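Structure first, then comments.
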Amino acid sequence: MSQITFTLLVSAVIFSVGAAGVLLRRNPLVQFMSIELMLNAVNLALISFAGSMGTAEGQIFVLMVLTVAAAEAVVGLGIIVAMFRKRNRIDVDDIRSMDG
Amino acid sequence: MDFPLVSLIIFWPLLGALLLIALPKVAARSLFWLSVFWSVVEFGLSVGLLITFADGTKTGFHWNEKLEWLKALGMNYQVGVDSISAWLIVLTTFVTMIAMFSSSGVQGRPRLYWAWILVLETGILGVFAATNLLNFYVFWEVMIIPAYFLIGQWGVTDQRVKSALRFVLYTLAGSLLMLLAMLALAFLTVPAGGAPTLDLMVLRTRISGLDSTTQAWLFLAFAAAFAVKVPLFPFQAWQPDAYADAPTPVTMILSGVMSKTGAYGFLRFGILLFPATSRDFAPLICTLALISIIYGAVAALGQRDLKRLLAYSSLSHTGFIVLGIFALNEQGVNGAVLQMVNHGITTPALFLALAALSNRTGTTEIAFMSNLESRMPRLGALFLILSLASMGLPGLNQFAGEFLIIGGAWDASPIYAIVAVVGVVLAAWYAMRMFQSVWHGPKLAQEPPNRNKALDMQPIELAVFVPIVLLIVLLGLAPSLVTGVFDATVRDWLNSGIAIASGR
Amino acid sequence: MEQVVLLILGVLAVASALGVVLMPNAVYSAMMLLLNLLSLAILFLLLHAQFMFAAQLVIYAGAILVLFLFVVTLLNPEGEFIFRDKKRLQRAGAISFGLFLAALLIGAFIAAFGKVQPNFPDSSGAAGSYGSVEAFGIALFTQFLLPFELTSLVLLVALIGAVVLGKRK
Amino acid sequence: MAEAIGLVVLFPLLGFLAIALLGQMISQKGAAILACAAVGLAFLAALVALAGSRDLLHSNVWQYTWIQAGNWKVSFGLYADPLSTFMALIVTGVGFLIHVYSIGYMTDAQGNPEHDYRRFFAYMNLFVFTMLLLVCSNNLLFLLVGWGGVGLSSFLLIGFYKDKPSAVAAARKALVTNTIGDVGLLLGIFVIIINSPQADPLNLANIGALTGSSRDLAAILLIIAAVAKSAQLPLHAWLPDAMEGPTPVSALIHAATMVTAGVYLITRCHNLFAYSDVALVIIPLIGAASALFAATCALVQTDIKRVLAYSTMSQLGYMFMAAGVGAYEAAMFHLLTHAFFKALLFLTAGSVIHSLDGEQDMRKMGGLAKKIPMTRNLFLVGALAISGILPLSGFFSKEAILGTFPLFGADNLPNWSLGNASFVILGWVGIIVAFMTAFYMFRAFFLVFYGPKSDLHPHKTPNVMQIPLYVLAVLAVVGGFLYVPGAYNLLEKYFEPIRAPFLDGQPQHWLSINTDGLELTKLIAAVGVAILGIFVAYGIYGTRTKPIPVRAYQGFQAFLFNGWYLDKMYDLLIASPVRWLARLLTKEADKDVAEALDWGFGGSVWFGSKLLRKTETGYVRNYALGILVGVVAILLYVTVVAIQR
Amino acid sequence: MLLGNILNQTKIDPKALEDLGKIEWGALWPAWIVTGGILLVLMSDLVIPKNRREVLAWLTIATLVAAMVSAFLLMDNKAVAFQGMVAADDLSRFMSVLIFGAGALAALTSSDYFSRIGVEARSEYYALLLATTAGMWLISVSLNLMVFFVSLEIFSLSLYILSGFLPRSVRSHEAGFKYFLLSSFATAFMLYGMALIFGITKSTTYSKILAYLQTNKISGDTGILILVGLALLLVGFSFKISAVPFHMWTPDVYEGAPTPVTALMAVGTKAAIVAGFLRLFTGALDPIREQWQPIIFVLAILTMLVGNILAVTQNNVKRLLAYSSVGQAGYLLAGIAVDNPLARQGVLFYIASYTVMTLGAFAVVIALEGPRSEGQELRYFNGLARSHPWLAATMAVCLLSLGGIPPTAGFFGKALVFGSAMQAGGWYIALALVGILTSVIAVFYYFRIVVHMYMGGEPSARHVPGKPALSLGFVLLVTGIGTLLLGFLSGYAFDWAQQAAAVIMAR
């Protein structure tokens with residue numbers, strides 16, 4: 001097993017764990033963290049591929065992901081804070097004024 | 001290019017509708033007369049169109065117009081009239097005129113009502129004039145919308161909204177299949193390196209290149225749309241409710257001309273477009289038509305409500321028309337077209353007479369009416385004449401059509417004719433049951449609640465009905481006035497159809 | 001040697017990822033996320049992506065995670081234990097489909113690279129300058145100028161968003 | 001001159017239109033006079049036409065194209081040959097007398113304002129018009145117009161007492177049954193038009209041009225028409241019921257003219273029937289069966305008009321028998337005399353009923369001879385005529401028919417598919433029916449005019465009713481001398497069209513038309529049984545002292561009284577199932593099919609929608625799970641695809 | 001100079017670099033104009049007095065119109081620009097009209113909307129609106145996965161905030177939150193897919209991906225990774241276009257978001273993603289079409305069915321329209337699944353007509369809305385034809401068009417899409433069949449609204465919507481007439497769509 005294969009497998013596992021985390025956790029913050037895990041897995045995959053390719057493209061992609069993740073964190077956390085600041089329980093299952 | 005007479009005829013009512021909507025606040029009375037005027041002019045125009053075909057020698061489409069619309073699908077705005085559609089156009093304008101004339105007393109937003117009727121007229125006329133398949137489809141659907149609003153908004157029972165919606169959905173389900181068939185047709189018939197076309201006459205020559213299975217599927221899809229519209233037996237569930245719930249002038253148009261659009265579709269896009277396939281499917285369609293004839297007649301026999309009774313009788317009669325078309329011989333087709341005209345006169349007149357009756361008695365239930373003839377002898381006589389015409393009394397208009405249809409059916413297969421005449425006998429039964437139970441019979445012990453206006457026919461009603469009755473007698477005595485116009489066309493069609501079919 | 005480090009880091013990354021998901025307290029989750037980020041950053045370094053190593057540390061660990069911790073303390077959520085989830089179906093689905101996803105992805109990778117070594121340049125050797133800051137910079141400002149420029153728009157939107165959300169009473 | 005046939009048809013039409021359109025503008029009396037005038041003028045025109053058409057054969061007049069489609073071309077047109085004008089004369093002549101009679105009958109006692117007799121006379125004129133169309137048209141389809149028209153006007157007249165439910169029902173029954181006949185004729189027309197090699201296949205002169213099975217088929221279909229119109233088995237059920245109409249109507253339509261249209265049709269289309277073996281079998285059988293059946297039913301009827309109705313059916317059976325075996329002249333001759341004496345009988349019966357204010361039950365009458373002797377005399381003339389007593393008209397015509405059939409076998413009989421003995425049986429059936437005829441007629445006679453006096457007090461009948469009766473009585477007496485078989489034939493010219501095909505080599509399988517003179521044996525037999533019948537009737541009814549109790553019949557009598565329960569059977573087997581089906585469709589089908597579709601398709605969509613909405617829980621984690629499920633599904637698909645490669 | 005030094009150090013051929021470094025600003029004029037507009041709006045907020053806020057709306061609209069115009073007048077005409085990152089071709093222009101037009105119309109409705117519900121429309125709102133359109137348009141022109149991703153995030157981030165823009169509305173917040181969480185989740189999948197595709201094809205630029213696939217197809221063991229990448233990529237696309245089963249966010253977000261935002265979200269996102277589909281799937285992933293067509297085929301069928309069936313029982317018009325937009329996405333996907341030239345043209349025509357009619361329907365909803373987002377319920381449409389005949393007429397026209405009744409635009413869209421399916425034949429006919437089946441269902445629920453407007457009882461007394469403002473009236477007029485005109489002049493519109501679709505070089 002080569003190095004890249006290994007890192008790719010790691011990224012796959014982290015990605016899956018992140019995906020499961022979004023579904024499992026009721027705390028929106030942790031859900032968001034899980035999404036960040038998924039993004040990290042993407043980054044790892046990109047770097048793995050990039051490392052084997054010898055071009056900067058993958059790394060630039062990673063940079064884009066990082067930047068966007070940061071922006072998303074700002075907005076997302078802002079939304080979460082706005083949503084939950086007045087609530088006692090921090091639980092996404094309480095957010096359910098619309099359904100059907 | 002000729003003078004765009006056909007377009008003028010198609011869009012003149014639409015123009016009137018727009019005018020009606022756009023006019024500032026005017027008294028409803030004057031708006032009514034405006035719409036009547038509009039429909040009378042329209043009738044005049046269409047008669048003018050018919051006159052150009054009167055000598056009966058013109059075959060094929062005339063007054064053709066063509067504007068490119070959507071080339072990718074082979075769609076054009078393309079209209080043209082042959083001697084068959086010329087008659088149906090005149091029928092449409094005639095019935096609409098009568099309907100308009102009789103819709104003076106409409107309650108609630110009459111302006112829109114009249115406008116919708118005019119739009120409906122445009123849609124129906126477009127169907128009869130379109131010579132491009134998708135253009136036909138467009139008009140076909142355009143018919144639905146005004147009919148929907150007219151039934152749903154001005155209908156007479158509590159069920160009207162449901163009936164209207166059912167009408168739309170049933171029709172749509174059928175016609176969407178037709179749309180698919182049209183689209184498939186456009187692409188399947190593209191010659192190598194050519195562009196798709198849905199021009200009826202071009203397509204007709206191209207279609208023989210398709211294998212028979214494909215043609216069969218396409219034909220069935222077309223038939224679905226038409227069978228719903230006519231309606232034919234298993235697809236009739238929308239019809240009694242829609243006819244019964246619509247306001248009477250609208251029922252007149254529905255029964256008088258809109259049901260003809262389905263038959264016309266069978267005629268033009270069934271047997272003209274698929275000469276070979278329609279031969280294959282003629283037994284099936286004829287069987288359905290026969291079931292409709294018997295079913296409609298038997299159901300009419302049991303109805304307690306006159307409007308529903310007429311709806312079922314209409315089902316039975318349109319069955320005859322379809323039977324004639326799929327007899328696939330000159331007698332049958334001639335008779336079918338003739339019957340379209342005849343039925344288009346008789347049935348609306350019956351509905352109109354029924355409206356006159358129910359205005360006076362406040363009901364359409366048979367149980368609440370009896371022995372009315374001594375009170376309103378003229379209306380009774382009118383009913384009698386119309387009932388007799390509707391049951392196909394020899395000498396009145398529907399007889400000639402039924403004669404040719406059943407004759408054509410006999411020529412196709414005696415079984416068809418024998419079953420069909422059972423329908424004729426049943427027609428006599430229910431027509432007379434209808435007539436007698438209302439006009440004869442013992443006096444009712446209990447008078448219906450609203451019978452204050454039990455007057456006989458008024459001059460204005462006579463002015464409407466006398467011409468209709470005269471027409472019924474005239475067409476009964478001289479049906480060649482009608483058939484003579486399109487006889488040559490039908491022959492031309494069938495012969496070329498046979499040529500195409502045998503060339504398969 | 002390198003293989004061993006790689007292995008350890010990989011295990012660490014996976015374990016910390018699991019930690020993020022499984023830790024009942026959001027603060028612990030954040031800490032686990034930090035651990036995960038760090039292990040990934042070192043992995044980046046091992047993969048000769050020096051700049052990314054730095055960026056990962058600076059942006060993720062330095063900025064995003066701090067923000068997370070800030071919000072976590074702001075909201076101060078109660079502890080939550082996923083095994084007491086009332087929505088059993090959701091939990092079962094999440095776990096099973098998560099495993100399914102993992103299995104599919106792992107399977108795909110093994111199918112792709114398991115038998116044959118990838119036909120890639122040897123990454124353990126001197127991989128040239130691909131990960132270097134210069135090459136990265138040139139690529140970023142020439143060939144990939146547009147995405148880079150567009151990130152400014154992303155950040156602008158984030159800025160406005162922050163203003164909007166912050167203004168809210 | 002023959003063109004006057006146009007006027008014959010036109011006058012009643014004008015009369016009808018005038019009365020119908022003028023409506024309230026003319027008085028009831030005026031309408032009656034107008035109607036009589038119209039028919040009278042038509043009668044005069046018919047005389048002119050008759051004179052003009054003596055020597056014409058197949059003369060089409062007033063012809064123009066009616067329906068044209070493809071190679072079908074049907075014309076309107078009148079026929080002015082001797083047969084048509086002869087029939088027109090009967091129709092207008094008898095019709096005129098009955099019109100005149102009706103003035104008195106309808107005005108006087110029936111003072112019901114509901115029964116505005118303007119309407120009555122309009123319908124009567126309409127009837128005469130359509131009947132004239134029937135007999136004067138030159139082709140089958142145009143004949144069908146008249147054919148349908150008489151059905152219609154009969155419907156209208158039967159149902160004239162429109163507030164009487166039984167009359168209304170009877171009218172409907174008549175129309176529906178007649179429509180069966182109409183469609184039979186229609187189908188027959190199709191067979192002819194499709195199979196005929198002629199250019200104008202429907203012209204009455206050309207309809208014989210068929211060959212082979214199509215000829216038989218056409219003949220059968222036309223027989224259906226004739227049977228329905230002439231109330232023969234099995235389409236007879238409407239005729240007794242039709243007696244619900246006013247009595248002049250019964251006289252005109254159900255005795256003298258309309259019901260004979262079937263005989264006319266067969267006679268007219270002899271060039272078709274003459275060559276059809278099937279027709280040869282069917283028509284006489286139907287005729288004999290009907291004659292016998294109706295006679296048995298007439299034996300026990302209590303309503304005087306129903307007696308006459310069944311007797312009409314029975315007499316028509318005679319005509320069918322004759323026409324079926326080719327004795328057209330005999331059939332037509334009997335048609336003529338029957339028109340006279342049956343009209344006389346009906347009108348006399350009407351006169352009785354009229355004078356008794358509408359009472360029709362013979363059991364309640366009795367001993368009326370003293371009170372209305374003139375009426376009795378007239379009835380007696382009619383009864384004797386119908387019984388075939390020498391030298392009244394019925395004698396000659398009935399002898400002509402019976403003379404056709406050998407009673408004891410003969411050598412020169414043609415081969416008939418049923419066997420030659422059948423001819424003999426038919427002849428004996430004729431004799432038996434003759435006996436029954438005499439019996440039931442005189443049963444009626446004695447019941448009404450003799451026996452114990454009833455409580456009824458008849459009043460005098462007006463003159464306007466009496467005069468037509470005298471005229472008819474005279475005709476019933478002397479009518480027979482127009483044609484004395486074997487001696488001379490005043491009508492020969494008028495039967496020329498019928499004889500035409502026989503003049504040059506008659507078809508092999510036909511009985512010879514008996515022109516050789518009366519056979520003594522048959523003469524004795526027929527007149528003998530008639531006299532026997534009269535005496536039996538006298539023995540049973542003429543000498544009774546107690547009135548017959550008014551009660552329902554039992555057993556065999558009830559069986560006969562109810563027309564062998566055929567009517568009930570039809571109702572049970574045909575009408576009721578259709579009605580049941582109709583009710584079923586009304587109550588269940590149309591609504592429920594629509595509802596079922598609504599609930600089947602629409603409902604499943606609706607509930608599907610409700611069900612699917614449950615997936616939209618509002619929980620964001622559920623939504624995420626949905627995404628993950630989608631992801632895994634797609635991934636699974638691609639990996640499977642990839643593995644398969 | 002600095003560049004020279006670096007070049008020397010890194011031994012890169014300067015000639016090549018010059019080519020690489022070419023900066024073709026002219027290719028993205030509309031984006032720059034919109035970006036400028038964002039800044040302008042933000043800064044003008046400082047000088048504009050509080051009671052003259054509608055000036056911001058007009059600035060926004062002017063910007064968008066300018067952007068639209070610039071696409072025709074200023075923008076270069078290049079198949080590729082910025083080293084193959086974006087395209088400045090007819091499709092870009094087509095999309096600029098749709099997206100900026102939709103943005104402008106949404107902006108036009110906004111001021112009336114905000115005054116109705118009693119919320120201040122601040123500069124940030126308009127700035128984010130502009131950013132949204134910029135992101136959408138950039139997606140539609142992008143020829144590179146990175147640009148695609150970044151553009152996607154531009155408009156997604158803006159929409160997160162816009163969806164939750166109403167300060168006192170719980171639903172609005174919830175919509176923002178749900179959209180944010182689920183969109184991020186789906187985007188992560190998409191990113192992973194992009195990473196895999198990048199990893200195998202060694203590029204993020206479409207043309208190079210295409211080149212790789214043309215030579216290698218999906219041969220070898222690594223082929224599976226391309227397929228996995230494709231699948232994950234499709235997840236992101238499907239999420240944004242709201243295909244089943246990635247549609248579940250749609251009703252909640254559409255319902256909660258401010259209605260103008262909903263309208264923009266409904267039409268703009270779909271337009272952008274359709275362009276993305278065309279450029280990426282039929283453009284770059286053309287060699288492996290046999291792999292993705294079946295997936296989209298199934299998605300299309302599911303989407304048509306589920307979307308339309310779900311809409312049947314809705315009583316909230318906004319939610320109903322949301323489900324209907326899911327159904328409409330199904331028709332778009334059907335066209336994408338067929339993917340022959342006519343299908344591509346048809347899809348573009350469809351999205352154009354969809355844009356107009358959906359905007360119209362939402363505009364009517366806006367015209368009925370009140371401070372606490374009442375007026376969305378179906379019962380408030382009762383008697384609308386009586387109280388506001390023109391409003392009802394516009395709604396009816398738009399609904400008929402959505403239902404595909406001729407001669408409105410929607411019919412021609414459907415006819416083209418179904419026609420392409422019939423042209424393709426085979427299994428694709430199933431798409432058309434399901435399409436007509438669901439069209440009948442769709443007509444049922446569209447007509448439910450019509451029933452309430454025209455045949456319903458008396459108008460609700462509690463809530464009487466005021467007359468729509470002039471700007472909103474203008475939107476209603478444009479969309480109503482546009483729906484009809486697109487039908488009557490569908491030939492011209494189709495020619496244009498044909499021109500736009502011609503840039504996609506595929507089978």
Side-chain angles (χ1 to χ4, degrees), chain A residues 2-10 12-21 23-27 29-30 32-34 36-37 40 43-44 47-48 50-57 59-60 62-64 66-71 73-75 77-82 84-85 89-91 93, chain C residues 6 10 13-14 17-18 20-21 26 29-30 33 36-37 40 43-44 47-49 51-52 55 59-60 63-64 67-68 71-72 74-75 77 80 82 90-91 94-95 98 101-102 105-106 109 113 117-118 120-121 123-124 127-128 130 135-136 139-140 144 147 151 154-155 158 161-162 165 168:
Chain A
S2 72
Q3 198 180 2
I4 296 168
T5 318
F6 177 72
T7 50
L8 281 174
L9 288 178
V10 169
V13 173
I14 295 176
F15 188 81
S16 308
V17 168
L23 273 63
L24 281 171
R25 298 300 298 254
R26 280 167 293 171
N27 187 328
L29 290 166
V30 183
F32 196 15
M33 286 179 209
S34 302
E36 295 292 350
L37 276 181
N40 271 312
N43 286 349
L44 183 56
I47 297 274
S48 308
S52 63
M53 250 176 265
T55 60
E57 197 166 350
Q59 296 193 48
I60 290 170
V62 173
L63 187 67
M64 296 298 139
L66 279 178
T67 318
V68 166
V74 170
V75 172
L77 287 173
I79 288 173
I80 292 172
V81 168
F84 289 94
R85 196 162 42 182
R89 263 157 52 89
I90 313 294
D91 188 342
D93 286 359
Chain C
L6 206 63
V14 171
L18 282 170
V20 171
V21 175
S29 290
L33 184 59
N36 184 272
L37 294 175
L40 285 186
L43 270 179
F44 290 176
L47 290 167
H48 306 276
F51 181 75
M52 281 307 116
I59 298 178
Y60 250 121
I64 300 178
L67 204 57
F68 263 104
V71 173
V72 167
L74 179 74
L75 292 176
E80 161 202 31
I82 52 169
Q90 169 78 18
R91 191 180 62 200
I95 293 170
L101 178 68
L105 290 177
I106 290 169
F109 281 128
F113 301 134
Q117 287 297 316
F120 294 144
S123 54
S124 55
Y130 95 95
F136 181 81
L140 186 61
F144 298 100
T151 48
V154 176
L155 293 175
L165 295 165
R168 236 177 235 172

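Given the structure is predicted, the values throughout are model-derived calculations rather than measurements. A note on names: the letters A, B, ... follow the listed sequences, proteins ahead of strands, and every chain is numbered from 1.
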Original post:
Given that the side chain runs from C-beta out, which part of C:Ile106 has a heavy atom under 4.5 Å from chain A: side chain, backbone, both or neither?
Top reply: both

Original post:
So which of C:Ala162, C:Ala158, C:Ala63 has the biggest tally of heavy-atom pairs under 4.5 Å with chain A?
Top reply: C:Ala158

**OP:** Would you confirm whether the ring centroid of C:Phe51 sits within less than 6.0 angstrom of the ring centroid of C:Phe44?
**Re:** no

Original post:
What do the steps show when you test A:Val30 against C:Val21 for side chain to side chain contact (heavy atoms under 4.5 Å, CB included), and what is the final call?
Top reply: CA-CA 7 Å; A:Val30 183; C:Val21 175; over 6 Å; no

Original post:
With chain A, which of C:Ala102, C:Ala13, C:Ala30, C:Ala17 has the greatest number of heavy-atom pairs at distances under 4.5 Å?
Top reply: C:Ala17

**OP:** Any chance you could measure C:Phe109, atom CZ, to A:Phe6, atom CZ, to the nearest 0.5 Å?
**Re:** 13.5 Å

Original post:
Between CG of A:Leu29 and OG of C:Ser29, what distance do you get to the nearest 0.5 Å?
Top reply: 9.5 Å

Original post:
What part of C:Leu40 gets closer than 4.5 Å to chain A, counting heavy atoms only: side chain, backbone, both or neither?
Top reply: side chain

Subject >> Largest heavy-atom contact set with chain A, pairs under 4.5 Å, which of C:Leu33, C:Leu6, C:Val20, C:Leu140 >> reply: C:Leu6

Subject >> A:Ile60 vs C:Pro147 side-chain heavy atoms within contact, under 4.5 Å >> reply: no

Original post:
Do A:Met64 and C:Phe144 come close enough that some side-chain heavy atom pair is under 4.5 Å?
Top reply: no

Original post:
For the atom pair CE (A:Met33) and CG (A:Asn40), what is the distance rounded to the nearest 0.5 Å?
Top reply: 12.5 Å

Subject >> C:Leu101 portion near chain A, given a 4.5 angstrom heavy-atom threshold >> reply: both

Subject >> A:Val81 side chain near C:Leu165 side chain, heavy-atom distance below 4.5 Å >> reply: no

Original post:
Taking A:Thr7, A:Val75, A:Ile14 one by one, which has the highest count of heavy-atom pairs under 4.5 Å against chain C?
Top reply: A:Ile14

Original post:
Which atoms of A:Ala19 come close to chain C, meaning under 4.5 Å heavy atom to heavy atom: side chain ones, backbone ones, both, or neither?
Top reply: side chain

Original post:
Taking every heavy-atom pair that is under 4.5 Å apart, which of C:Leu43, C:Val154, C:Leu67, C:Ile59 has the most such pairs with chain A?
Top reply: C:Leu67

Original post:
What part of A:Val13 is in contact with chain C, defined as an atom under 4.5 angstrom from a non-hydrogen atom: side chain, backbone, both or neither?
Top reply: side chain

**OP:** Drop me the distance from A:Arg85's CZ to C:Leu75's CG, to the nearest 0.5 angstrom.
**Re:** 9.0 Å

Subject >> Per-residue contact mode, C:Ala26 against chain A (heavy atom under 4.5 angstrom) >> reply: both

Subject >> Leading residue by heavy atom contact count with chain C [cutoff under 4.5 Å; candidates A:Leu66, A:Val10, A:Thr67] >> reply: A:Leu66

Subject >> Structural part of A:Asn43 lying under 4.5 Å from a heavy atom of chain C >> reply: both

